[in-house]
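Below you'll find the structure, written out as structure tokens, and then a few comments.
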Amino acid sequence: MKKLINAPVDFVRESLEGMAVAHPDLIKVHHDPTFIYRTDAPKHGKVAIVSGGGSGHEPMHGGFVGIGMLDAACPGEVFTSPTPDQMLEAAKKVDGGAGILYIVKNYSGDIMNFEMATELARSEGIRVLNILIDDDVAVKDSLYTQGRRGVGTTVLAEKICGAATEQGYDLQRVASLCRRVNLNGRSMGIALTSCTVPAKGTPTFALGDREVEMGIGIHGEPGRERMSIKSADEIAQMLAMSIIEDISYSRTVREWDEDKGEWVDVELMNHAFEKGDKVLAFVNSMGGTPLSELYIIYRQLVEVCEKHSLQIVRNLIGPYMTSLDMQGCSITLLKLDDEMIQLWDAPVKTPSLRWGI
Amino acid sequence: MKKLINAPVDFVRESLEGMAVAHPDLIKVHHDPTFIYRTDAPKHGKVAIVSGGGSGHEPMHGGFVGIGMLDAACPGEVFTSPTPDQMLEAAKKVDGGAGILYIVKNYSGDIMNFEMATELARSEGIRVLNILIDDDVAVKDSLYTQGRRGVGTTVLAEKICGAATEQGYDLQRVASLCRRVNLNGRSMGIALTSCTVPAKGTPTFALGDREVEMGIGIHGEPGRERMSIKSADEIAQMLAMSIIEDISYSRTVREWDEDKGEWVDVELMNHAFEKGDKVLAFVNSMGGTPLSELYIIYRQLVEVCEKHSLQIVRNLIGPYMTSLDMQGCSITLLKLDDEMIQLWDAPVKTPSLRWGI
Amino acid sequence: MKKQQILQWLQAFATEIEQNKDYLTQLDAAIGDADHGMNMSRGFQKATASLASVADKDIGTILKTVSMTLISSVGGASGPLYGTFFLRASTVITGKHELTEEDMLEMLQAGLDGVLQRGKAQLGDKTMIDVLSPAVTAFSQAVGEGKGMHEAMQLAVAKAEQSMKNTIPMIAKKGRASYLGERSVGNQDPGATSSYLMLKCLLETL
Amino acid sequence: MKKQQILQWLQAFATEIEQNKDYLTQLDAAIGDADHGMNMSRGFQKATASLASVADKDIGTILKTVSMTLISSVGGASGPLYGTFFLRASTVITGKHELTEEDMLEMLQAGLDGVLQRGKAQLGDKTMIDVLSPAVTAFSQAVGEGKGMHEAMQLAVAKAEQSMKNTIPMIAKKGRASYLGERSVGNQDPGATSSYLMLKCLLETL
Ligand SMILES: Nc1ncnc2c1ncn2[C@@H]1O[C@H](COP(=O)(O)OP(=O)(O)O)[C@@H](O)[C@H]1O
Ligand SMILES: Nc1ncnc2c1ncn2[C@@H]1O[C@H](COP(=O)(O)OP(=O)(O)O)[C@@H](O)[C@H]1O
Ligand SMILES: [Mg+2]
Ligand SMILES: [Mg+2]
Ligand SMILES: [Mg+2]
Ligand SMILES: [Mg+2]
């Protein structure tokens, strides 16, 4: 393993320390427990958005803390969900009295830890709701299983919901917006190489010189299928088609019910894309794939979307949700409505996403 | 070789096509000859900045075309200087009547092609000046040799000079500003892995599992020294110290003299950094190194600068000048004055660098 | 089982994890994200370090301390799961300094119930439940038949070992391995493996 | 040398480059950026494709066409250098359909001077100059001694081959290889190699 790191055990902390000194105007990093928060938090009267998850996906989530996006982010160890005390302390720090939305990716670890944090925060009198992101169409089954992973749509939900909180949306309204974004988003990824977790020191999986993993997640977990490498156009088509052809998908998720004061099972349904839909197209690098290649994928994605009468009205192209040094990419398509477009366009100023300000 | 590409010969063109459909509001791509230019060009009365160089360094230069930075960029084949006709046509397209500044990186190919383009443009009545960027301290000799390569300072010069043209600087003033930026900037890079040029299909150089190349450029050319991998802190120190300890450096470069109407040799001198200098610290990924590791390098860079009484007042951290999929990074320190700070902070809106707008 | 043995057990488990850290991570690399060994190691290093301060307290307090350390330092899936296991285990034996067979059964059963509730996995989902649940059943049965602590635990651990191996052909339905669907078949579940090691260490301390 | 032979030479050189594309790139990988074979191939494929339209013109026009194609399609260092070589060569033989030994000398000398002026390299800088310059000198000397075209070119190519190998121990002072300093020693210069091939093909066409 060759990486620009010191001792692997210090990887996450040192990276956060670097981030803190790089962007003191935007963020602060709290240690023990670890979380990143807006320098100007708490914003009185504003709903605060807190997300988090394992480290190794930089800039997600810490790089999205700032004006118009996240109020705080809780980084765990590499690929390991953060702990409830991180989430609780982050919530306390950024609570402006209007409540907290936890945006949670659908992994058993993240869910359990965020659920515990929700219970703890509620018991301390902080209003918390949690919304799950589960958009990875590589995962097929939903009945009796963990369901789909949370991937690319997370970044888009954080941007859109962050903008909504700046515009004064209340907690329930931000939560429904976030749920809607999740239900409108679908993703699919491919790995050309495995990532190498610093503490492990060797690649998580081994791929031959002409092999790729289709349908991977963002933790070096193997994908659905190993196949021989194809052209960028074929890969873009395969990724895009598995998203476009994904039929309506329903599952049950647990959300906190404020009226009942307990967890309730909520039945949710994604509807398949339809001709004429306006979409945001997000082509994401897994960390080791350069921008030049992402544009080649995007070029074909535009053709596929045109062919299926999906109208790309916004895009995002770059390394926003990575898997350490993995080479590969993911595509996310998010169906947009006017409200979402306006919120997407709203100003954002974070270390890794910035416009309009 | 595994890459998200189609046929290697189509790599540059298809990547540019993807870029064009991704950012139609900001840029357009012209083919035969190939150049990228501002959608709203020419800007009447504004000096236009044109840069260019081999492809494979994305987002440099094409990703920096837009408001407040470049007016046009000429991408060559991978790691190959573009041709004079590209530069000439680009100049014609963006000439707003106030002249063109060619920002040229110091490679024999780039210099010769830009010189030919300058002569051609001048003969067609377009006012063109050319400023050379040669900031790579890895290259030691200057007498009788090619001198230093142009690397990280290029990005900073493009931003600062682009802002100046928006503020109405005339051609001579932008050219001196650009020269000053170059004289104030120094860079040093390291590679953990080689890049793989698509047309070649195999890594340009082979590095052992514990080996790194110190003092590399951005074209997969070997560096000054091969050594065994060190900790991020040691690497950051080595990179930073070779910049900070670099003594004053003088060389002769060719610039166009408008009064004489011919090429003249200009004697230029970089002055060593001094205690108390305000600097911009730029930590750049070579393409395959993720953001998390750049922050670890930045963290140590802050300490080194503090120790040597250099005051980091601005920074830039990310993949801005890459070498395809190479893992590694470079550090650039640029001594800033108030004028440069104000120009750095000015709004910029390009595909890959954006703030304030 | 005396309090001193409980402390020895936790210490032995921590040591066992260090010895099997790479192995557990390797198992997790095959069907997960290659961190189970690291997660368990981080948690139990901290947990055993915290034992000194509560060594003179009752077993319930000791287990609760372990639980809190795991919850706030492990993260991932195993953090809340093992954390909940020890939390629930601790609550049913509050104040005790020694455990009878019945106490042990109640403790293990409470821990298991906690994990079931927290993780919502069922038998056959290819998780630690597939070791914990059959092992507790075996222990319960043996105690019901009047067997002593050691013999009952021996039967439970034998069952645990068999059950751990039984996870190999299973299709994962919970946790990260579930994303793999059919491709999870043929690999032993990392959490099931660490749970077996936990019970094995318990037996060895008796 | 007849016009037809000039066309054959250019064709032969293009073919030679295709055959040595990987070899030239490999040489460039060692001390440059691994593209010299690709650059030369791109340029001479296009150049020979453009010959059909000027095949009935004079040699000067033919070489000028090659030059323009190289300049606008190669880029890098070799584009302007070979482009300039053919441009300057073309100007001294405008209107001719056949070349005497003296024409050939003038042509090669003009090409060389152009490369020297454009690239500012000196003998010993480890560039194509280190092949072109001694070869032209050898040719000039042979012609001065009254040798015929073929024999003079034979001497020039022999010198070129030797000079190409002589670049191996040199420290590069110009071009990309110069960034390597001492580390450039031990590698043959790619541009010197392609220049040798150019002259070799010229000889073979005579
Ligand atoms: N919902 C669940 N219920 C019970 N056990 C689970 C559940 N999800 C995961 N596990 C167990 O956790 C183990 C993985 O732990 P670990 O690798 O530490 O966490 P993560 O999966 O977050 O990386 C799995 O092997 C499995 O035994
Ligand atoms: N200034 C120069 N004068 C003469 N020849 C040069 C000069 N710079 C480079 N060369 C020649 O060009 C060759 C490299 O060509 P090529 O690889 O195609 O271009 P680049 O270096 O731009 O990648 C070198 O091997 C050398 O012979
Ligand atoms: Mg994990
Ligand atoms: Mg080149
Ligand atoms: Mg795991
Ligand atoms: Mg080259």
Side-chain angles (χ1 to χ4, degrees), chain B residues 8-9 32-33 52-54 56 74-86 88 107-116 136 138-141 143-149 194-197 199-206 215-226 254 323, chain D residues 21-22 24-26 28-43 45-46 68-84 87 114-115 117-122 124-128 171-184 187 191:
Chain B
V9 293
D32 297 315
C74 305
E77 290 295 319
V78 174
F79 296 168
T80 302
S81 162
T83 58
D85 54 326
Q86 293 175 260
L88 173 65
Y107 301 97
S108 50
D110 294 68
I111 289 174
M112 291 187 277
N113 285 289
F114 268 106
E115 281 184 4
M116 290 168 90
D136 189 344
V139 182
K140 289 292 170 213
D141 316 312
L143 224 51
Y144 312 120
T145 75
Q146 195 65 48
R148 293 180 166 176
R149 291 175 289 228
S194 169
C195 53
T196 297
V197 176
K200 181 159 181 288
T202 52
T204 304
F205 55 85
I216 45 101
I218 55 174
H219 303 89
E221 58 270 61
R224 290 296 289 196
E225 189 195 344
R226 186 160 294 194
R254 291 228 296 175
S323 191
Chain D
K21 191 166 148 180
D22 291 347
L24 292 173
T25 294
Q26 208 54 59
D28 198 26
I31 53 172
D33 58 350
D35 64 358
H36 188 57
M38 264 99 73
N39 290 345
M40 294 297 286
S41 159
R42 186 171 58 249
Q45 287 303 306
K46 284 217 175 167
M68 287 302 147
T69 311
L70 294 180
I71 289 174
S72 70
S73 69
V74 177
S78 45
L81 291 172
Y82 276 101
T84 301
L87 185 65
V115 175
Q117 229 171 304
R118 183 56 67 200
K120 313 232 158 10
Q122 302 187 323
D125 282 359
K126 196 174 184 124
T127 70
M128 56 179 71
I171 298 184
K173 297 251 170 55
K174 274 281 176 319
R176 247 170 239 292
S178 70
Y179 306 130
L180 285 184
E182 304 264 328
R183 278 181 87 185
S184 61
N187 299 284

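This structure is a prediction, so every number in the text was calculated from the model and none was measured. Within every chain, numbering begins at 1; the chains are lettered A, B, ... in the order of the sequence lines, protein sequences first and strands thereafter.
There is no contact between D:Ala177 and chain B, counting heavy-atom distances below 4.5 Å. At a 4.5 Å heavy-atom cutoff, the contact between D:Lys120 and chain B is made by side-chain atoms alone. Using a 4.5 Å cut-off between heavy atoms, B:Phe205 makes no contact with chain D at all. Using a 4.5 Å cut-off between heavy atoms, D:Arg118 touches chain B through backbone and side chain atoms alike. Heavy atoms closer than 4.5 Å to chain D are found in the side chain of B:Arg254, but not in its backbone. Within the 4.5 angstrom heavy-atom criterion, atoms from both the backbone and the side chain of B:Asn113 approach chain D. Within the 4.5 angstrom heavy-atom criterion, only backbone atoms of D:Ser73 (N, CA, C, O) approach chain B. Proximity to chain D is absent for every atom of B:Gln86, based on heavy atoms less than 4.5 angstrom apart. In this structure, chain D has a heavy atom under 4.5 Å from the backbone of B:Val78, while its side chain stays farther away. Only the backbone of B:Pro82 comes within contact range of chain D, judged by heavy atoms closer than 4.5 Å.
Counting heavy-atom pairs under 4.5 Å between each of B:Gly217, B:Gly215, B:Gly223 and chain D puts B:Gly223 at the top. Chain B forms the most heavy-atom pairs under 4.5 Å with one residue out of D:Ala172, D:Ser72, D:Ser178, D:Ser184, and that residue is D:Ser72. Note: B:Arg149 leads B:Lys200, B:Arg149, B:Glu77 in heavy-atom pairs under 4.5 Å with chain D. Of all the listed residues (B:Pro84, B:Gly53, B:Gly76, B:Gly220), the one sharing the greatest number of non-hydrogen pairs under 4.5 Å with chain D is B:Pro84.
The backbone N or O of D:Asp33 lies less than 3.5 Å from no partner atom in the side chain of B:Glu221, so there is not a single donor-acceptor pair.
Contact detail for D:Arg176 and B:Tyr107: the closest heavy-atom pair is NH1-CD2, 3.7 Å. Residues B:Gly109 and D:Pro80 share a closest heavy-atom pair of O-CG, 4.5 Å. Taking all atoms of both residues into account, the shortest heavy-atom contact from B:Ala199 to D:Met38 is CB-CE, 3.6 Å. Closest of all the heavy-atom pairs between B:Met112 and D:Gly119 is SD-CA, 3.9 Å. Scanning all heavy atoms of the two residues, the minimum distance from B:Phe79 to D:Asp35 falls at O-OD2, 3.3 Å. Between D:Asn39 and B:Thr80, the shortest heavy-atom contact is OD1-OG1, 3.2 Å.
Atom CD of D:Gln26 sits about 6.5 Å away from atom OG1 of B:Thr202, to the nearest 0.5 Å. Between B:Gln146 atom CD and D:Asp125 atom CG the span is 9.5 Å, to the nearest 0.5 Å.
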